[in-house]
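Structure, as structure tokens:
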Amino acid sequence: MPQPAAVGRDERTVLFLLERATAYLAERGAASPRLDAELLLASALGVDRLALYLRFDARPPTDKVDRFRELLRRRGEGMPVAYLTGKREFWSLEFEVTTDVLIPRPETETLVETALAIWPPGSGQAGWFVDVGTGCGNLAIALAREWPLARFVAVDRSAAALGVALRNAAKHGVGERVFFLCGDWLSAFARRPLFVGMISNPPYIGAADFASLPAEVEREPRAALDGGADGLHFFRALATGASCLVREGGWLLAEVGAGQAQAVRSIWEEAGFRDIQVRRDLGGMDRVVVGRRR
Ligand code: GLN
């Protein structure tokens with residue numbers, strides 16, 4: 001809704017466009033309307049978000065304002081900002097995203113932190129790692145940047161997702177150490193313990209929880225979210241996979257959903273993993289479970 005305070009002001013300035021867009025998105029229930037408006041305006045203008053602050057009084061050309069309005073309209077209909085701008089930051093790196101991939105979440109950085117606690121960046125870790133369900137490649141790529149000698153196999157069953165991941169790996173200069181494999185979960189691997197570590201942010205939404213997901217999440221690929229009837233299907237599959245593919249003493253690390261940590265701990269204990277630990281994210285939620293292969 002146009003703000004009364006705006007009457008009489010120049011309708012074409014960056015500041016005015018931002019204020020009006022923020023009100024429009026707030027009215028449509030966006031959780032962070034000002035930030036969304038800034039990201040979309042920056043995208044329409046082809047500048048980065050902070051550059052907007054240096055040009056509040058500028059009047060963008062009509063074609064760019066039209067482009068901004070179109071982005072706003074789609075945002076107002078519930079399309080996530082990252083799909084509209086085609087990018088999302090993760091681990092301070094900019095990743096290309098499309099509707100073929102899950103949008104990386106800040107809490108998933110807990111998985112990167114956990115991996116770095118096990119294998120500190122300066123440790124010269126040169127082994128092979130596997131990232132299961134790589135999506136846009138964020139986990140394998142972030143870790144490949146931290147461990148300059150390590151190599152990764154990044155698996156996804158979606159060829160379209162791997163196309164995005166491949167471009168992200170090249171963009172971040174790790175294309176020669178991250179190998180992409182299109183396959184159904186771990187079915188393509190010979191049963192040999194090749195890997196030092198297995199990392200995954202698997203689909204973990206249970207059937208009962210789909211109904212209560214925020215509408216925006218419905219725009220994301222269902223295959224990246226659906227964890228089977230109880231949401232735990234892929235944690236069992238990870239335990240089975242890691243038992244064959246991870247070396248003795250190597251680690252399995254996975255992100256878990258709300259309330260799943262204890263169930264995952266039990267599944268992994270039963271599968272024979274030891275030294276199981278649960279780590280919290282910045283919001284204080286149990287977020288990552290790690291276990292070591294005997
Ligand atoms: N590895 C990606 C991420 O962590 C994708 C995960 C997925 O699709 N479930 O965001």
Side-chain angles (χ1 to χ4, degrees), residues 80-83 86-116 129-146 152-169 171-172 174 178-186 195 197-207 209-210 213-214 216-228 231-238 241-242 252-258 260 264 279 281-283 285 287-290:
V81 172
Y83 289 151
K87 57 194 186 193
R88 175 68 164 231
E89 196 179 292
F90 179 83
W91 202 249
S92 300
L93 301 168
E94 189 183 283
F95 286 88
E96 174 190 335
V97 295
T98 69
T99 51
D100 290 312
V101 300
L102 192 82
I103 300 166
R105 306 292 203 269
E107 58 269 26
T108 302
E109 293 186 351
T110 312
L111 196 44
V112 178
E113 282 158 12
T114 308
L116 294 178
F129 291 81
V130 58
D131 173 19
V132 197
T134 198
C136 74
N138 54 325
L139 286 171
I141 293 167
L143 287 170
R145 303 254 323 182
E146 299 289 343
F152 292 79
V153 179
V155 192
D156 208 287
R157 62 188 149 184
S158 159
L162 289 172
V164 177
L166 209 73
R167 288 193 291 277
N168 280 323
K171 171 173 162 179
H172 293 301
V174 296
V178 183
F179 301 86
F180 294 99
L181 181 68
C182 193
D184 186 12
W185 201 244
L186 291 164
F195 298 105
M198 179 178 287
I199 289 153
S200 184
N201 175 19
Y204 55 63
I205 309 292
D209 295 325
F210 263 98
L213 287 180
E216 283 183 13
V217 179
E218 280 167 25
R219 308 288 184 131
E220 297 186 84
R222 177 134 185 156
L225 300 166
D226 189 347
L232 298 171
H233 171 78
F234 289 103
F235 298 108
R236 296 187 189 95
L238 282 170
L252 168 60
L253 299 78
E255 174 167 325
V256 301
Q260 291 178 327
V264 173
R279 292 189 51 135
D281 63 20
L282 288 176
M285 292 247 313
R287 182 58 69 190
V288 168
V289 181
V290 304

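Indexing begins at 1, ligand by ligand and atom by atom, following the structure's order.
Considering backbone and side-chain atoms together, A224 places an N or O closer than 3.5 Å to an N or O of ligand 1. Geometrically, ligand 1 and G135 share no nitrogen or oxygen pair separated by less than 3.5 Å. When only interatomic distances are considered, the shortest N/O to N/O separation between T108 and ligand 1 does not fall below 3.5 Å. At a 3.5 angstrom cut-off on N or O pairs, D131 does not count as close to ligand 1.
Residue contacts with ligand 1, taken as heavy atom pairs separated by less than 4.0 Å, involve N201 via backbone and side-chain atoms alike. When non-hydrogen atoms are compared, ligand 1 lies under 4.0 Å from the backbone of T134 (N, CA, C, O) but not from its side chain.
Applying the side-chain contact (heavy atoms from CB on, under 4.5 Å) test between V264 and each of Y204, F234, F235 identifies F235 as the sole match.
Between the side chain of S200 and the main chain of V132, a donor-acceptor pair closer than 3.5 Å is present. Using a distance-only test at 3.5 Å, with no hydrogens or angles considered, no donor-acceptor pair links the side chain of D100 to the main chain of A161.
Nearest protein neighbour of atom 5 (C) of ligand 1, counting heavy atoms only, is G133 O, 3.5 Å. Distance from atom 2 (C) of ligand 1 to its nearest protein heavy atom, with residue and atom name: N138 OD1, 3.1 Å.
Between R167 and E96 there is a salt bridge, with a side-chain nitrogen of the basic residue lying less than 4.0 Å from a carboxylate oxygen of the acidic one. A salt bridge links K171 to E94: at least one charged side-chain nitrogen sits closer than 4.0 Å to a carboxylate oxygen.
Aromatic ring pairs are classed by plane angle as parallel below 30°, tilted from 30° to 60° and perpendicular above 60°; the pair H172 and F95 is tilted.
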